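Proteins get letters first, then strands, A, B, ... in listed order; numbering begins at 1 in each. Computed from a predicted structure; not experimentally measured.
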Amino acid sequence: MLKKKIFFLIGPTAIGKTLIAIHLAKKINAEIISCDSMQVYSSMDIVTSQPAYAQRKKVKHHLLGVINPAKEYNVSRYRKDALSICSQLFSKGKIPLFVGGSGLYYSIVIDGLFPAAPEDKLIRAKLYKQLSLKGNRYLYEKLAKIDPLSARRIHPNDSRRIIRSLEVYMKTGMPLSVLQKGRVGLGAGYEIKILALNMDRQALYNKIDQRVSKMFRAGLIKEVSRLLKHKLSRTAKCAIGIRELEGYFNGEYSLKEAKRLIQRNSRHYAKRQLTWFRRDKRIQWIVIKDKETHREVARRIWKKLS
RNA sequence: GCCGAGAUAGCUCAGUGGUAGAGCGCGGCCCUGAAAAGGCCGGCGUGGGGGGUCCGAUUCCCUCUCUCGGCA
C-alpha cells in the first residue's frame with residue numbers, strides 16, 4: 001500500500017514561506033493548508049500578513065481567514081480541521097502542503113494530542129482566582145503533590161502551564177504527565193516530510209523590520225483600530241500588532257514607539273520559532289542564500305522531495 | 001585657537017584605588033486545548049592610545065587623539 005504524502009514547509013515569520021510555497025505547490029500538485037494560529041482569523045489580513053488574494057488564486061489555500069476573530073480557536077480544533085481537509089485532498093489526488101510558522105500546530109498535526117481534556121472554563125476560572133489570591137508558589141506545590149513529573153518540567157513561574165496541568169487533573173483525575181503518553185499521531189500510513197526555511201539572522205531581522213513598515217503602509221492602523229472596536233477573542237487579540245497599537249491609541253506612547261515594539265516583538269517571535277524548530281530532528285533545513293529567488297528556493301526543495 | 005565637559009558592553013549611561021555593572025538591544029533554551037501566547041537562563045568588555053605614581057589603576061597625575069558644548 002502506497003503511503004499518503006504530507007509535506008510541511010515551515011519557517012520563521014517574514015522569511016518568504018508564502019511565495020516559495022506557491023511555486024512549490026504548483027510543481028508537486030499540492031494545495032496549501034495554512035499552519036498559522038493567527039492567519040485562521042478573518043478581517044485581520046494586514047496584522048497577520050495573510051497571502052494576497054492574487055497569490056491565493058494561483059494555488060488553493062485552506063484555513064486562511066476562516067474564523068471570526070470574536071471566536072476562540074486552538075490546536076485541537078486546528079488538528080481536526082486540518083485532517084479533514086487532508087482527507088478531502090487525498091480523495092482529489094492532491095498532496096497537502098502545510099505552510100506556516102506555528103510550531104505547536106504543525107507538530108500536533110503530526111504527533112497528535114492527548115485525549116479527553118479540553119479546556120474547562122469553570123475549573124480554569126477557579127484556578128486563576130486562586131492564583132491571584134495565593135500566588136503561583138501555592139499552585140506549584142499543589143501540582144508537585146499530584147503530578148511530580150509535570151512539576152519537575154514546569155517552572156514555578158509558568159503559571160499558565162501549572163494551571164493547565166491542575167485543570168487536567170481536576171477534570172480527569174489523571175496527571176497530565178500520564179495522559180500525555182496516550183497521544184496518537186499520524187502513524188506509519190503517511191510519508192511525512194518537514195522542511196524548514198532559515199537564513200542569515202541579520203538578513204531575517206531586516207526582512208521583518210521591512211515587512212512591518214509595509215504593514216503600516218498597507219493600512220495597519222486602520223485595520224487594528226477597526227478590530228479593537230469589536231469583540232476580539234483572547235486568542236485573536238494575541239496577534240502581534242494589536243496590543244502594541246492599542247497602547248498608542250490609549251496615549252501611552254508615540255506611533256513611532258508602537259512601530260518599534262511591533263518590529264522588536266516580531267523579531268523575538270522569529271527567534272522563538274527557530275528554537276522550536278531546531279528541536280525537531282525530523283526537519284530538513286533549507287538555508288536560503290543571499291539573493292536567492294523564491295523560485296530558486298522552491299526548485300531546490302522540489303529536487304529534495306523527488 | 002582658548003575655556004569647559006566627556007571617551008566604560010551593540011546603544012544610552014552608572015560606579016569603584018583591589019581588573020566592572022543597569023536599562024534597552026542581542027544570544028540560548030522550555031513548550032501538548034491561549035502558542036504571533038506564556039516561562040527560564042546568559043554580560044556578550046583590549047574600561048580611547050601612551051607614559052607616570054602605587055604592592056595594585058578602569059579609578060589619581062601627565063600627555064596625545066577624538067567627540068560635544070561655550071568663547072573667539
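- At the heavy-atom level, A:Y140 lies nowhere under 4.0 Å from the strands shown.
- Note on A:T275: a base of the nucleic acid sits closer than 4.0 angstrom, heavy atoms only.
- At the heavy-atom level, A:V168 lies nowhere under 4.0 Å from the strands shown.
- Looking at A:Y41, its side chain has no donor and acceptor atom pair within 3.5 Å of the base of B:A34.
- Closest to the side chain of A:C238, out of B:A37, B:U32, B:G39, is B:A37.
- Between A:D158 and A:Y140, the side chains place no donor N or O within less than 3.5 Å of an acceptor N or O (distance only, hydrogens not considered).
- Taking only side-chain atoms of A:R243, from C-beta outward, the nucleotide of B:G38, B:A34, B:A35 with the closest atom is B:G38.
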Kindly indicate, with the supporting measurements, whether the criterion side chain to side chain donor-acceptor pair (under 3.5 Å) is fulfilled by A:T235 and A:K71.
-> CA-CA 8 Å; A:T235 30; A:K71 296 258 163 62; over 6 Å; no
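- If you check B:C40, B:U32, B:A35 against the side chain of A:N157, the one that comes closest is B:C40.
- Distance A:Y73 OH to B:A37 C1': 16 Å, rounded to the nearest Å.
- The distance from atom OG of A:S34 to atom CZ of A:R56, rounded to the nearest 0.5 Å, is 9.0 Å.
- With hydrogens and angles ignored, a donor-acceptor pair under 3.5 angstrom links the side chain of A:R161 to the base of B:A35.
- Of the candidate nucleotides B:G39, B:A37, B:A35, B:G39 has the atom lying nearest to any side-chain atom of A:D158.
- Across all strands shown, A:Y105 has heavy atoms under 4.0 Å from sugar-phosphate atoms exclusively, and none from any base.
- As judged by a 4.0 angstrom heavy-atom cut-off over every strand, A:T13 is placed among residues making no nucleic acid contact.
- A:R272 has no side-chain polar atom (N or O) that falls below the 4.0 Å cut-off from OP1 or OP2 of B:G39.
- The separation of B:G6 from B:G39, taken at their P atoms, amounts to 41 Å, rounded to a whole angstrom.
- In this structure, A:Y269 atom OH and B:G39 atom C1' are separated by 17 Å, rounded to whole Å.
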Its contact letters, B for base, S for sugar-phosphate only and - for none at protein heavy atoms under 4.0 Å, make nucleotides 22-27 of chain B read --SSSB
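- As a whole-Å value, the separation of A:I154 CD1 from B:G38 C1' is 12 Å.
- If you take CD of A:E119 and P of B:G38, they are 16 Å apart, rounded to a whole angstrom.
- A:D36 comes within 4.0 angstrom of a base, heavy atoms only.
- Helical stems of RNA chain B (runs of at least 3 Watson-Crick or G-U pairs, donor-acceptor distances under 3.5 Å) are listed by first residue: B:1-7 with B:65-71, B:10-13 with B:21-24, B:26-30 with B:38-42, B:48-52 with B:60-64.
- The shortest distance between the side-chain N/O atoms of A:R164 and the OP1/OP2 oxygens of B:G33 is below 4.0 Å.
- A:Q39 comes within 4.0 angstrom of a nucleotide base, judged by non-hydrogen atoms across all strands.
- Aromatic pair A:Y105/A:Y78: centroids less than 6.0 angstrom apart.
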